[in-house]
Number of protein chains: 2
Amino acid sequence: MPEKPQHEVTAAEDPALAFQTHDHRHCVGTMLARAEAVCADKGLRLTPVRRRVLEILLETHKALGAYEVLDRLAADGFGHQPPVAYRALDFLVTHGLAHRIQRLNAFAACMHTTDDSDAGHEAVFLICRDCNALAEAPGLRLRAALEAAAAGADFAVEGAAIEAIGLCARCRAAAGEGNDNAGVGA
Amino acid sequence: MPEKPQHEVTAAEDPALAFQTHDHRHCVGTMLARAEAVCADKGLRLTPVRRRVLEILLETHKALGAYEVLDRLAADGFGHQPPVAYRALDFLVTHGLAHRIQRLNAFAACMHTTDDSDAGHEAVFLICRDCNALAEAPGLRLRAALEAAAAGADFAVEGAAIEAIGLCARCRAAAGEGNDNAGVGA
DNA sequence: CTTGAACTGTTATACCGTAACATATACTTC
DNA sequence: GAAGTATATGTTACGGTATAACAGTTCAAG
Ligand SMILES: [Zn+2]
Ligand SMILES: [Zn+2]
Ligand SMILES: [Zn+2]
Ligand SMILES: [Zn+2]
């Protein structure tokens, strides 16, 4: 069954979209614009490599390995060596424009519009083990629960990685009906 | 200031102990006994390598890299090749006797006595960025909060890694007073 | 234009993890 | 106990992930 037409909403506002067919150009445009705004605001330089890396990450709601990113960069005429990718990725992660997904040794574009707690903001990552799509859900509640749990050990939380593995609605449905369906989120 | 004398409590019952001076032999004894009980119960074989790996992990409330474990194994007359360590570690992780800490690409002995949800039980890891000590706090509340957050994206959580970075009480105190203090937890 | 800081690119290397196969040990069945 | 099967241990070899160190380039002032 085909999806209903989408209105102008990005996965930044509704994480569930990452697992659905949607007009992804809105996601890309919104997040790229935010990146430019953030950099202008903080006096950071969104150089060609960095911008291209962000674009590459934004192409899909999935996490990409550094070497995958590197291959794409190389194909675009940038450097062919790991540090080229890692440095750009570090820049994006440091300034809250991308996230490292520990579990996958991979990176994904940040999907937040709210630049209130810009760098190192808290997020929860939902990773579908079937289609590999990745959504970024708001983690404020979880952060509070985490700090409560940590308080019991007299531990001061500075940052947290919260990564859940599971099945998105689409893949659950497919599994239940013996259906097969193609990729999503790009 | 020296710590007050400890009674017979392990880090399994009080995660905070992982960050304090304590009689660690209780931790080791308790967890080793639990491992044997679990294996006997499930018909698993806690072979010499596996047992030794668990002992190595139990030596300290810190996460150890696979190659670090391997070096210790080799020194004890076991194999010198990576798979020797990885297989034993996989066994321990699979059966809930150890955990993989994604953020550190490292492993730590499980510090739970409650074998209710034996394998793959949920836990929150608190990692002190200063002394590298690691505590395992109960994660039931967080798991609930996580499922609630995931429900918003119609995502079914099957497993989660929750890893917090921060400062333990001891290291906070040391930082605050310009003190220096030695290692802890072993 | 000069100077220093930041960015890009390179070589080389270290760390983390697994595939594939050979050997040895432990259970099962006769 | 012997034969056969499953499990565990050990080895070689390789692939994926990440960083150190250094050289050249671009940029923003001064
Ligand atoms: Zn999108
Ligand atoms: Zn999915
Ligand atoms: Zn202990
Ligand atoms: Zn500490």
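Below, read A as the first sequence line, B as the second, and so on, with proteins coming before strands; counting in each chain starts at 1.
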Whether B/H22 side chain and B/L17 backbone form a donor-acceptor pair below 3.5 Å:
yes
Does A/R50 make a cation-pi contact with A/F91, if we ask for NZ or CZ under 6.0 Å from the ring centre and within 45° of the axis?
yes
Roughly how many Å is it from CD in B/E68 to P in C/dG17, rounded to a whole number?
13 Å
Quick one: B/L44 CG to C/dA26 C1', roughly how many Å, whole number?
15 Å
Nearest whole angstrom, please: distance from the C1' of C/dC7 to the CZ of A/R51.
18 Å
Tell me: CZ of A/R45 to C1' of C/dA6, nearest whole Å?
6 Å
Does C/dG17 have OP1 or OP2 under 4.0 Å away from a side-chain N or O of B/N105?
yes
Given DNA chain D, 5'-ward residue of the pair A/A106 and B/R87, judged by closest heavy atom:
B/R87
All pairs passing salt bridge (Lys or Arg N to Asp or Glu O under 4.0 Å) where residues 144-166 of chain B contributes a residue, at least two apart:
A/R129-B/E158, A/R172-B/D154, B/R143-B/E147
Side-chain (B/H24) to main-chain (B/L58) donor-acceptor, under 3.5 angstrom
yes
Provide, to the nearest angstrom, the distance between the CG atom belonging to A/L70 and the C1' atom belonging to C/dT8.
13 Å
Output the rounded distance in Å from CZ (B/F78) to P (C/dT25).
13 Å
Among C/dG17, C/dT10, C/dC7, the nucleotide that comes nearest once only the side chain of A/R50 is considered
C/dC7
Report the residue (A/F91 or B/L104) whose heavy-atom-nearest nucleotide on DNA chain C is the more 5′ of the two.
A/F91
If you measure from CZ on A/F107 to CG on A/L54, what distance do you get to the nearest 0.5 Å?
13.5 Å
Between A/H99 and A/F125, is a ring pair (Phe, Tyr, Trp, His ring centres under 6.0 Å) present by the stated rule, with each step listed?
CA-CA 10 Å; A/H99 297 286; A/F125 299 101; 5.0 Å; yes
Nearest-Å distance, CZ (B/R103) to C1' (C/dC16)?
18 Å
How would you give the extent of chain A contacts on DNA chain D, as first and last nucleotide 5' to 3' within a 4.0 Å heavy-atom cut-off?
D/dT17 to D/dC27
Both A/D90 and B/G77 contact DNA chain D. Which one's nearest nucleotide lies toward the 5' end?
B/G77
Exercise: do B/T21 and B/R170 side chains pair donor with acceptor under 3.5 Å
yes
Separation of C/dC16 P from B/F107 CZ (nearest whole Å)
10 Å
